[in-house]
Amino acid sequence: MRGTSRRRRPLWTPSQERIEQANLTRFARMAVHDWGLRRNTYPGFYEWTVEQPERFWQSLWKFGAVRAAEQGSRVLADGDKMPGARFFPDARLNFAENLLRLRDDSEAIVFWGEDKVERRLTHRDLYDAVSRLSQALRAAGVGPGDRVGAYLPNMPEAIVGMLAAASLGAIWSSCSPDFGVQGVLDRFGQIEPAVLIAADGYWYNGKAIDSLGKVREIAARLPSVRRVVVVPYLAEAPDLREVPNAVALADFVADFGPERIAFAQMPFNHPLYILYSSGTTGVPKCIVHGAGGTLLKHLSEQLLHTDVKHGDRLFYFTTCGWMMWNWLASGLACGATLLLYDGSPFARGGRILFDLADAERMTHFGTSAKFIDACGKAGLKPIETHRLEHVRTILSTGSPLVPEGFDYVYRAVKKDVCLSSISGGTDIVGCFVLGNPILPVWPGEIQCRALGLKVEVFGEGGTAVRGGKGELVCTQPFPSMPIHFWSDPDGTKYRAAYFEKYRNVWCHGDWCELTEHGGMIIYGRSDATLNPGGVRIGTAEIYRQVERLEEVAEALVIGQEWDNDVRVVLFVKLRDGFVLDDALAAKINAEIRANTTPRHVPAKILQVADIPRTKSGKIVELAVRNVVHRRPVKNLEALANPEALEHYRNRPELST
């Protein structure tokens with residue numbers, strides 16, 4: 001909807017003091033001086049970063065104080081190829097070395113496992129733990145290119161394990177312990193890890209949930225795993241007798257004392273992470289990201305767009321199965337303290353994350369649009385119950401944050417805060433569009449395009465449009481593009497994923513619009529857009545109207561093939577005490593019609609008991625569409641609640 005961008009005043013505008021103190025301001029002034037730029041506005045500066053990408057990324061390397069054995073004289077080779085471009089092709093560096101810059105007694109990690117566990121690690125503690133585990137992994141035969149798999153909660157040992165693997169040039173890949181056995185095997189079975197690091201369990205909503213049974217089965221079915229290193233979390237000494245090749249973490253590192261880490265200096269594009277597509281249309285794709293590209297992209301996003309400074313306290317609610325965990329870990333390279341939380345975000349009546357913010361002097365509060373919406377529907381008003389005095393930035397991702405979510409944050413959470421809706425994905429281990437500490441915040445809009453990424457909106461003819469809806473694309477290469485997919489030697493799967501629609505242009509699969517303010521509105525996935533009567537409608541446009549109603553907890557909308565056309569079908573999960581009757585259906589339709597167009601009004605509205613989601617919390621419209629059309633859903637293991645699909649199967653209302 002265009003109405004969100006017509007508001008005359010922004011919700012928040014940074015003070016002149018904040019603009020002056022921003023990392024982005026310092027960076028821009030450095031670039032202006034170094035390159036003799038004559039750019040006096042932010043839009044002009046953004047254009048420089050995409051007109052001169054080599055100079056931008058070279059300046060970021062300098063500003064981020066990247067540690068490397070060799071930078072090399074070349075910044076970009078084969079820059080006209082997408083894919084195929086190579087950034088810093090002569091550089092040699094180590095990702096872990098850039099995150100382990102400190103070895104002092106300041107806090108590196110604070111961990112809360114709900115209200116059951118609290119731990120703190122100094123930078124010295126972290127460095128020493130990484131040193132010991134790195135030596136133990138090397139002694140176990142792990143070296144450059146080997147895979148280390150993790151089946152862990154979002155706890156300090158996950159950060160330690162990743163850094164230890166990266167210090168050796170090994171490749172890290174993680175799943176959260178709420179994944180089922182087959183979900184883990186679908187991922188790790190493809191990449192064949194040499195070592196598996198797993199916890200004995202985790203806490204969720206006050207309950208202890210044992211993981212050792214699943215770990216035992218996973219280890220038995222992964223013949224590549226030579227050692228299973230178990231982290232005690234629920235018990236001090238878990239019984240490992242039935243887990244093949246298992247050893248407790250303390251025993252695994254017992255023979256090694258802390259010493260200076262010999263960081264393996266690897267090429268810029270040496271593999272660092274293997275992340276996974278959602279897997280809702282088949283076995284997940286294994287997306288391989290390079291160390292240098294990941295580091296530079298995260299430095300750009302955290303230092304410049306998120307304004308993370310040395311000594312800040314950075315939080316994102318995430319699991320180890322979501323790319324935001326990898327993003328959060330990189331905060332160490334900015335000198336930030338990581339605030340880790342594992343468990344239910346709704347513990348203590350939905351207050352626990354705000355309790356964490358107050359208790360630990362959180363400066364950056366990262367969460368999801370669904371969490372913000374849920375807090376609003378629950379009537380939470382942290383502005384009245386919590387101080388939140390140190391919080392400068394609130395980040396939201398996972399799905400589009402609707403204007404009402406923006407309004408809720410400024411009304412009920414905190415007034416003087418930069419609310420940064422961000423959007424990107426596992427595919428680039430970062431964002432295409434995100435926040436900005438020196439720009440205003442407009443309701444329903446993501447503030448700006450990512451520096452250094454030539455993000456555009458393509459209309460039907462494959463040409464850039466402004467003020468209209470279309471495909472989110474990136475028309476120039478950037479460092480955090482995947483280096484390849486696993487088991488895709490000729491790049492066929494990689495090219496099909498992003499470059500099939502437009503030649504030499506990355507097509508991300510989001511339906512969006514560039515606004516008059518230079519920001520972006522995301523309307524949903526383009527492969528889930530609705531097409532009644534040939535008119536494309538983003539699903540987020542309907543969700544915004546439906547989920548603002550007090551009766552509706554959540555919604556899911558699909559296009560059903562019907563009578564040689566497509567009709568809009570809306571499924572609603574209602575709050576306790578409400579039922580879908582004719583009056584409520586009429587109210588929903590009236591809300592949609594009044595605020596969108598008649599084409600947005602659903603042909604059918606059906607009540608369901610649950611909405612199916614991926615492990616990272618994203619609703620799965622495509623899986624529901626397949627169920628409604630009686631097509632197979634190829635990978636149920638990708639879903640957090642696959643049983644929810646039964647609420648959509650063989651609904652008689654959809655046959656008329």
* Is the closest basic N to carboxylate O distance between Glu114 and Lys116 below 4.0 Å? -> no
* Asked: Do Ser423 and Leu434 have side chains that get closer than 4.5 Å, going by heavy atoms?
  -> no
* To do: Can you label the angle between the Tyr498 ring and the Phe485 ring as parallel, tilted or perpendicular, going by 30° and 60°?
  => perpendicular
* Take Phe95 and Phe268, measure what ring pair (Phe, Tyr, Trp, His ring centres under 6.0 Å) needs, and give me the verdict at the end. => CA-CA 9 Å; Phe95 182 82; Phe268 185 84; over 10 Å; no
* Asked: Between Ser167 and Ser134, is any side-chain donor less than 3.5 angstrom from a side-chain acceptor?
  -> yes
* May I ask you to test the Trp322-Phe317 pair for a side-chain heavy-atom distance under 4.5 Å? => no
* Crowding at CD, Glu242 (>12 non-hydrogen neighbours, <6.0 Å) -> no
* Structure fact -> Of Leu152, Leu99, Val148, Ile197, the one forming a side-chain contact (heavy atoms from CB on, under 4.5 Å) with Met162 is Leu99
* Student check: side-chain heavy atoms of Val433 and Cys431 closer than 4.5 Å -> no
* To do: Indicate the ring-plane relationship of Tyr233 and Phe111, choosing parallel, tilted or perpendicular according to the 30° and 60° boundaries.
  => tilted
* To do: Answer yes or no: is there a side-chain heavy-atom contact under 4.5 Å between Leu338 and Ile159?
  => yes
* Asked: So among Arg631, Arg625, Arg567, which one has a salt bridge (charged side-chain N to carboxylate O under 4.0 Å, His left out) with Glu561?
  -> Arg631
* Asked: Is Glu547 salt-bridged to Lys370, going by a charged N under 4.0 Å from an acidic O?
  -> yes
* How about Tyr202 and Tyr151: are their ring centroids closer than 6.0 Å? -> no
* Can a donor-acceptor pair be found between the side chains of Gln190 and Ser487 at a distance below 3.5 Å? -> no
* Thinking salt bridges, do Lys501 and Glu471 make one under a 4.0 Å N-O criterion? -> yes
* Strictly under 6.0 Å, is that where the ring centroids of Trp325 and Tyr316 end up? -> no
* Asked: Do Arg119 and Glu157 sit within salt-bridge range, that is, some charged N less than 4.0 Å from a carboxylate O?
  -> yes
* Exercise: identify the closest heavy-atom pair between Leu654 and Gln560 -> O-NE2, 2.9 Å
* If you take all heavy atoms of Ser211 and Pro177, which pair is closest and at what distance? -> OG-CB, 3.9 Å
* Evaluate the side-chain proximity of Lys618 to Arg525: yes if any heavy-atom separation is below 4.5 Å, no if none is. => no
* **Electrostatic pair Glu217:Lys214 at N-O distance under 4.0 angstrom** => no
